[in-house]
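So the structure is just underneath, and the comments pick up after that.
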There are 2 protein chains.
Amino acid sequence: MQISSRFSVAIHVLSLLALQQEDDVLLTSERMAGSVNTNPVVIRRILGQLKKAGLVEVRPASGGTFLTRTPADISLLEVYRAVEVVEEGQLFSVHDKPNPKCPVGRNIQSALDDTLQQAQQAMEQVLAGVTLHHVTTDIQQKAITMC
Amino acid sequence: MQISSRFSVAIHVLSLLALQQEDDVLLTSERMAGSVNTNPVVIRRILGQLKKAGLVEVRPASGGTFLTRTPADISLLEVYRAVEVVEEGQLFSVHDKPNPKCPVGRNIQSALDDTLQQAQQAMEQVLAGVTLHHVTTDIQQKAITMC
DNA sequence: AGGATTGTAACCTCAGTAGTTACAAACAAA
DNA sequence: TTTGTTTGTAACTACTGAGGTTACAATCCT
């Protein structure tokens, strides 16, 4: 089972916001959906989560969405948490009712917990070390003109 | 979305196998299911994957399953791969058809790929560093008698 | 030959994802 | 103030994979 593409879509959307120029036409959910190639409602749902996390400011009605921070101040881990692809500390699901009468069943959960937490944290630390700025810089190296 | 509990069930089952004594009654899928608290078929499906990966030997008909290696020689990463909770290099799903006419859409995938691979590998490296022996030792410290 | 157990197919239910339609609420500009 | 656009959400759909369950042929030991 994979981690939802909401995460990559969120990064895509934030990249568009980071790279938008002042003289650009406003980025509406419609236009962002065009770049991601999905439905505008999918974008709005994700924008709602990013707004809730305080990463973006959305202007209803007139359109237009803006970052509340510099791209260099937004880590991918924050984005990951914002779109709630995985609840905190729950990357691995563990079978929840092992037989308490069996020594293995009784102790397997605590025996695994530590390792699984570490594995998850190792993954998240990589995301914590990469910012939106890194992503947009990479994109810019390959292309200049915007949507 | 979480990583399937097949992984933790597989570790549970392997722990039972590692801790079984020679004078024990044979471990059938029925008995293992009793410890995990699930259906025997679920166990057999997982045993099938572990067998395919060469981690266990299953004796059909008469019952009984055995490890093909010492617990210290079985890493959790091998188990993880055996039960195919996540296809190789596919922990994160990325929206697959971004608009190629947009510079961001055209480049987002390659801009993300590197980071996501690293994040995934960091997680897997933790699993690679823990063996079944570590798990069973931990379990044994807490209990002596078997199922 | 008999009895227990595995290997699998087939089916069910449930949850989460992503896409879609529809529409009220919010707001800018004329 | 009215008009037109856009957001925010609810509601529905289709699809996917997980995990549980039943059923039964194939296997193998005794």
Side-chain angles (χ1 to χ4, degrees), chain A residues 1-10 12-13 17 24-53 56-66 80 83-87 90-99, chain B residues 1-10 12-13 17 24-53 56-66 80 83-87 90-99:
Chain A
M1 184 115 300
Q2 295 179 290
I3 289 174
S4 159
S5 68
R6 276 205 303 280
F7 182 41
S8 66
V9 172
H12 186 142
V13 163
L17 296 173
D24 275 351
V25 181
L26 289 181
L27 275 173
T28 63
S29 62
E30 183 94 27
R31 288 186 66 228
M32 296 193 243
S35 174
V36 173
N37 192 21
T38 182
N39 192 289
V41 175
V42 172
I43 300 293
R44 280 180 233 155
R45 279 201 281 246
I46 290 172
L47 281 178
Q49 296 184 285
L50 295 176
K51 188 169 74 168
K52 200 168 146 194
V56 302
E57 180 202 345
V58 182
R59 305 216 180 122
S62 59
T65 306
F66 306 90
Y80 175 84
V83 295
E84 292 168 355
V85 280
V86 174
E87 282 184 47
Q90 302 289 316
L91 177 58
F92 296 90
S93 72
V94 176
H95 54 298
D96 60 343
K97 296 186 199 65
N99 189 341
Chain B
M1 185 112 306
Q2 296 179 289
I3 288 173
S4 159
S5 68
R6 277 204 305 279
F7 182 40
S8 66
V9 171
H12 186 142
V13 163
L17 296 173
D24 274 353
V25 182
L26 289 182
L27 275 174
T28 63
S29 63
E30 183 95 27
R31 289 186 65 228
M32 296 192 243
S35 174
V36 172
N37 192 21
T38 182
N39 194 288
V41 175
V42 172
I43 300 293
R44 280 180 235 155
R45 279 201 280 245
I46 290 173
L47 281 178
Q49 296 184 287
L50 295 176
K51 188 169 73 167
K52 200 168 146 194
V56 303
E57 179 202 346
V58 182
R59 304 217 180 123
S62 60
T65 305
F66 306 90
Y80 175 84
V83 295
E84 293 167 354
V85 282
V86 174
E87 281 182 49
Q90 302 290 316
L91 178 58
F92 297 89
S93 73
V94 176
H95 54 299
D96 61 342
K97 296 186 199 62
N99 190 341

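Heavy-atom basis, side chains included; hydrogens, waters and symmetry copies ignored. Letters A, B, ... mirror the listed sequences (proteins, then strands); counts begin at 1. Here the structure is a predicted model, which is why all the values come from computation and not from measurement.
A donor-acceptor pair under 3.5 Å links the side-chain atoms of A:Ser93 to the main chain of B:Ser5, judged by distance alone. A donor-acceptor distance shorter than 3.5 angstrom exists from the side chain of A:Gln2 to the backbone of B:Gln90, with no hydrogens or angles considered.
Atom NZ of B:Lys52 is separated from atom C1' of C:dG7 by 13 Å (rounded to the nearest Å). Taking atom CG on B:Leu50 and atom C1' on C:dG7, their separation rounds to 15 Å, with Å as the unit. Atoms NZ (B:Lys97) and C1' (C:dA18) sit 12 Å apart, rounded to a whole Å. In this entry the distance linking CG of A:Leu26 with C1' of C:dA28 reads 11 Å, nearest Å. A:Arg44 has its CZ atom 17 Å from the P atom of C:dA18, to the nearest Å.
Between A:Ser8 and B:His95, the side chains place a donor N or O and an acceptor N or O closer than 3.5 Å (distance only, hydrogens not considered).
Read 5' to 3', the first and last nucleotides of DNA chain D with an atom closer than 4.0 Å to a heavy atom of chain B are D:dA18 to D:dC29.
In terms of heavy atoms, A:Leu17 sits closest to A:Thr65 at CD2-O, 3.2 Å. In terms of heavy-atom proximity, B:Tyr80 sits nearest to A:Phe92 at CE1-CE2, 4.3 Å. Of all non-hydrogen atoms in A:Ile43 and A:Met32, the two that sit nearest each other are CG2-CB, 4.0 Å. Contact detail for B:Pro98 and A:Asn37: the closest heavy-atom pair is CA-CB, 4.2 Å.
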Is there a side-chain contact (heavy atoms from CB on, under 4.5 Å) between A:Leu91 and A:Ile3 once you walk through the steps? CA-CA 9 Å; A:Leu91 177 58; A:Ile3 289 174; 4.2 Å; yes
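Taking only side-chain atoms of A:Ser4, from C-beta outward, the nucleotide of C:dT5, C:dA18, C:dG19 with the closest atom is C:dA18. Checked against C:dG7, C:dT20, C:dT5, the side chain of A:Val42 finds its nearest nucleotide in C:dT20.
Judged by closest nucleotide on DNA chain C, A:Asn39 is the one of A:Asn39 and A:Arg59 placed further toward the 5' end. Map B:Ser93 and B:Ser29 each onto its nearest nucleotide of DNA chain C; the residue landing nearer the 5' end is B:Ser29. For A:Lys51 and B:Asn37, each mapped to the nucleotide of DNA chain D holding its nearest heavy atom, the one lying further toward the 5' end belongs to A:Lys51.
Here the side chains of A:Ser4 and B:Met1 are not in contact, with every heavy-atom distance at 4.5 Å or above.
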Got a list of protein N/O to nucleotides 10-16 of chain C N/O distances below 3.5 Å?
| residue | atom | partner | partner atom | Å |
| --- | --- | --- | --- | --- |
| C:dA10 | N6 | B:Arg45 | NH1 | 3.4 |

